[in-house]
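Here is how names work: the chains are called A, B, and so on, in the same order as the sequence lines, proteins then strands, and each is numbered from 1. Quick caveat: nothing in here was measured; it's all calculated off a predicted structure.
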Number of protein chains: 2
Amino acid sequence: MTVPLASVASDTAATLREQVYESLREALTQGKFAPGQKLTIRSIGNALGVSVMPVREALRRLTAEGAFEMQPNRSVRVPLMTRAKIVELRDIRVALEGLAAERAAEHVTPEKIAELQQLALEIVAARERGDSAIDRIKIREFHFTLYRTSGQTTLVRMIEALWLQTGPYMNLLFPAYVRGRRGEGRRRLIQALQAREGASARREIADDIREALTYVADLADDEGVIGVKAAR
Amino acid sequence: MTVPLASVASDTAATLREQVYESLREALTQGKFAPGQKLTIRSIGNALGVSVMPVREALRRLTAEGAFEMQPNRSVRVPLMTRAKIVELRDIRVALEGLAAERAAEHVTPEKIAELQQLALEIVAARERGDSAIDRIKIREFHFTLYRTSGQTTLVRMIEALWLQTGPYMNLLFPAYVRGRRGEGRRRLIQALQAREGASARREIADDIREALTYVADLADDEGVIGVKAAR
DNA sequence: CGCGCCAATTTGTGATCACAAATATCCTTG
DNA sequence: CAAGGATATTTGTGATCACAAATTGGCGCG
């Protein structure tokens with residue numbers, strides 16, 4: 001089995017284990033693994049030019065974070081995504097990212113607001129160009145810049161794990177879903193931050209996530225498994 | 001350094017790694033590690049009679065779950081608990097356990113309600129005897145029986161990780177906080193379940209967690225670290 | 001031609017070794 | 001006596017080996 005992984009060399013991670021972790025994380029985010037795909041320790045090690053040791057530890061961590069799952073036969077695979085699971089993750093994300101947005105509104109500074117406004121502009125620009133790769137990257141940056149503003153490190157860490165689970169499936173929002181959306185939600189969010197209105201900020205983020213993941217969930221029938229298209 | 005760990009023999013876990021994981025988890029829950037305590041791989045391995053390999057993987061998982069934290073010097077330690085962190089965990093738990101309670105109310109069966117009623121009785125009985133060890137165990141069982149009723153496996157897994165982080169500090173609720181509490185909240189929760197009122201169930205759980213963790217948070221001054229008394 | 005059984009291979013797990021970084025200890029020096 | 005540096009020990013990391021469980025492939029039997 002060959003595994004589509006970039007070399008680990010470029011990263012700044014101190015240990016090989018962390019480089020393998022980042023490499024797998026990146027591949028997952030870009031949707032390079034098929035849902036249900038089985039991964040073997042040795043094939044990952046070969047693809048990255050390391051022994052089994054760092055791979056084992058990286059897989060253990062990613063499994064704890066829900067990015068992979070262990071099967072009874074002890075092998076690791078990419079979780080299958082069902083409609084029910086998308087809905088579950090949607091509700092969790094609405095709760096936690098809504099909470100982070102509310103706390104962010106309480107700690108926000110003018111500098112952070114300027115940063116978010118800049119990112120919002122870049123998202124609109126990328127969308128007008130039809131550049132969904134940059135679009136996705138900037139959306140992620142926008143959200144996590146907001147969440148980190150909350151100062152709640154445990155909360156941010158949990159949200160990162162959730163994005164790792166839903167990440168590949170967010171590709172399905174492009175291009176149909178995002179078409180015509182002109183960032184009105186982000187504009188209202190920034191207004192809420194400027195006014196220090198935590199409840200409004202929470203509502204904007206909650207609505208955004210709820211709508212997007214409801215759209216993704218509806219792409220699968222009730223029992224069906226959602227496939228992932230390769231990242232562009 | 002000696003580590004207070006029971007032998008791994010009794011467990012039914014398939015792999016040594018899982019036995020080490022369960023062993024460390026149990027020790028954490030019982031508050032056998034001091035906050036800030038540094039743990040070395042070899043000392044844990046010696047205490048459990050295994051080599052470093054299973055310990056490394058168990059620690060990696062527990063670190064990903066937030067039960068331990070890695071220091072820049074690569075060593076693993078028990079996280080220090082501050083007032084701000086307790087408040088953060090409180091708000092996350094209110095959100096997620098409230099959500100689980102609401103979903104549980106939508107899926108609850110008469111059998112589950114009977115099971116919860118039985119547990120509620122056992123909690124009251126233990127409390128009247130002043131048996132806080134049984135009290136804590138039954139409280140945990142009550143909560144997770146409720147949460148599992150939601151059928152949301154990812155959500156339950158996240159809540160388990162949260163309990164692992166706050167677990168030792170819940171000992172601080174005994175005996176002062178629980179004294180005089182006669183389980184009125186649990187009675188109202190069960191009523192809400194019987195009536196299939198998700199919003200009421202959420203409110204009961206949310207209030208319970210908010211009050212308990214606010215009490216714990218107030219045990220520390222603003223910058224201070226909260227110590228943990230040994231489990232009885 | 002299809003199904004089940006057995007051998008060959010793959011794969012996960014755990015122990016051990018080597019090495020470098022971090023930590024502790026001791027000795028010297030001011 | 002205190003402080004700084006050299007040495008010794010501890011500790012985390014990664015590679016390799018051995019072994020057992022799981023998987024695969026092919027063969028023979030029905």
Side-chain angles (χ1 to χ4, degrees), chain A residues 1-25 33-34 36-65 67-80, chain B residues 1-5 7-25 33-34 36-65 67-79:
Chain A
M1 181 199 320
T2 57
V3 178
L5 289 173
S7 166
V8 299
S10 61
D11 259 295
T12 55
T15 62
L16 280 184
R17 162 186 11 118
E18 284 171 67
Q19 291 175 32
V20 173
Y21 172 80
E22 291 297 338
S23 212
L24 290 171
R25 194 177 219 284
F33 295 132
Q37 180 175 348
K38 209 178 93 177
L39 296 175
T40 66
I41 295 174
R42 283 175 175 86
S43 64
I44 296 171
N46 286 340
L48 296 177
V50 299
S51 80
V52 297
M53 281 291 327
V55 178
R56 284 166 68 168
E57 298 196 80
L59 280 183
R60 218 53 66 196
R61 176 172 172 190
L62 286 161
T63 301
E65 290 172 348
F68 293 125
E69 62 184 17
M70 291 210 61
Q71 290 185 294
N73 40 336
R74 297 181 171 180
S75 70
V76 170
R77 69 171 193 179
V78 182
L80 295 175
Chain B
M1 182 200 317
T2 56
V3 178
L5 290 173
S7 167
V8 299
S10 60
D11 260 295
T12 56
T15 61
L16 280 183
R17 157 181 21 110
E18 284 171 68
Q19 291 175 33
V20 173
Y21 171 81
E22 291 298 338
S23 213
L24 290 170
R25 192 177 221 283
F33 295 131
Q37 179 175 349
K38 208 178 94 178
L39 296 175
T40 66
I41 295 174
R42 283 174 175 86
S43 64
I44 296 171
N46 285 340
L48 297 177
V50 299
S51 79
V52 296
M53 281 291 327
V55 179
R56 283 165 70 168
E57 299 198 79
L59 279 183
R60 218 53 66 196
R61 176 172 173 191
L62 286 161
T63 302
E65 291 172 348
F68 293 124
E69 63 185 17
M70 290 211 61
Q71 290 185 293
N73 39 336
R74 298 180 170 181
S75 69
V76 170
R77 69 170 193 181
V78 182

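- Look at CD on A:E18: it is 12 Å from C1' on D:dG12, rounded to the nearest Å.
- Residue A:L16 contributes atom CG, which lies 11 Å from atom C1' of D:dA15 at whole-angstrom precision.
- Remark: A:R77 fails to qualify as a cation-pi partner of A:F68 under the 6.0 Å distance and 45° angle criteria applied to the six-membered ring.
- Of the candidates A:R17, A:R56, A:E57, A:E57 is the only one forming a side chain to side chain contact (heavy atoms under 4.5 Å, CB included) with B:R56.
- Nucleotide D:dG12 holds its P atom 11 Å from the CD atom of A:E57, rounded to whole Å.
- Rounded to whole angstrom, the span from the OH atom of B:Y21 across to the P atom of C:dT13 amounts to 16 Å.
- Note: CD1 (B:I41) to P (C:dA22) measures 15 Å, nearest angstrom.
- Annotation: the span from B:L59 atom CG to B:R61 atom CZ amounts to 12.5 Å, rounded to 0.5 Å.
- Going from atom CZ of A:R60 over to atom OH of A:Y21 covers 14.5 Å, rounded to the nearest 0.5 Å.
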Considering only nitrogen or oxygen atoms on both sides, find all protein atoms under 3.5 Å from nucleotides 16-23 of chain D and state each distance.
unit_1 : atom_1 : unit_2 : atom_2 : d
D:dT23 : OP1    : A:N73  : ND2    : 2.6

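- Per the geometry, CG belonging to B:L48 stands 11 Å off P belonging to C:dA15, to the nearest Å.
- Partner of B:L62 under the side chain to side chain contact (heavy atoms under 4.5 Å, CB included) criterion, out of B:V20, B:L24, B:V76: B:L24 alone.
- For B:Q71 and D:dT13, the CD to P distance is 12 Å, given to the nearest whole Å.
- Distance CZ (B:R77) to P (C:dA22): 17 Å, rounded to an integer number of Å.
- Atom CZ of residue B:F33 and atom NZ of residue B:K38 lie 14.5 Å apart, to the nearest 0.5 angstrom.
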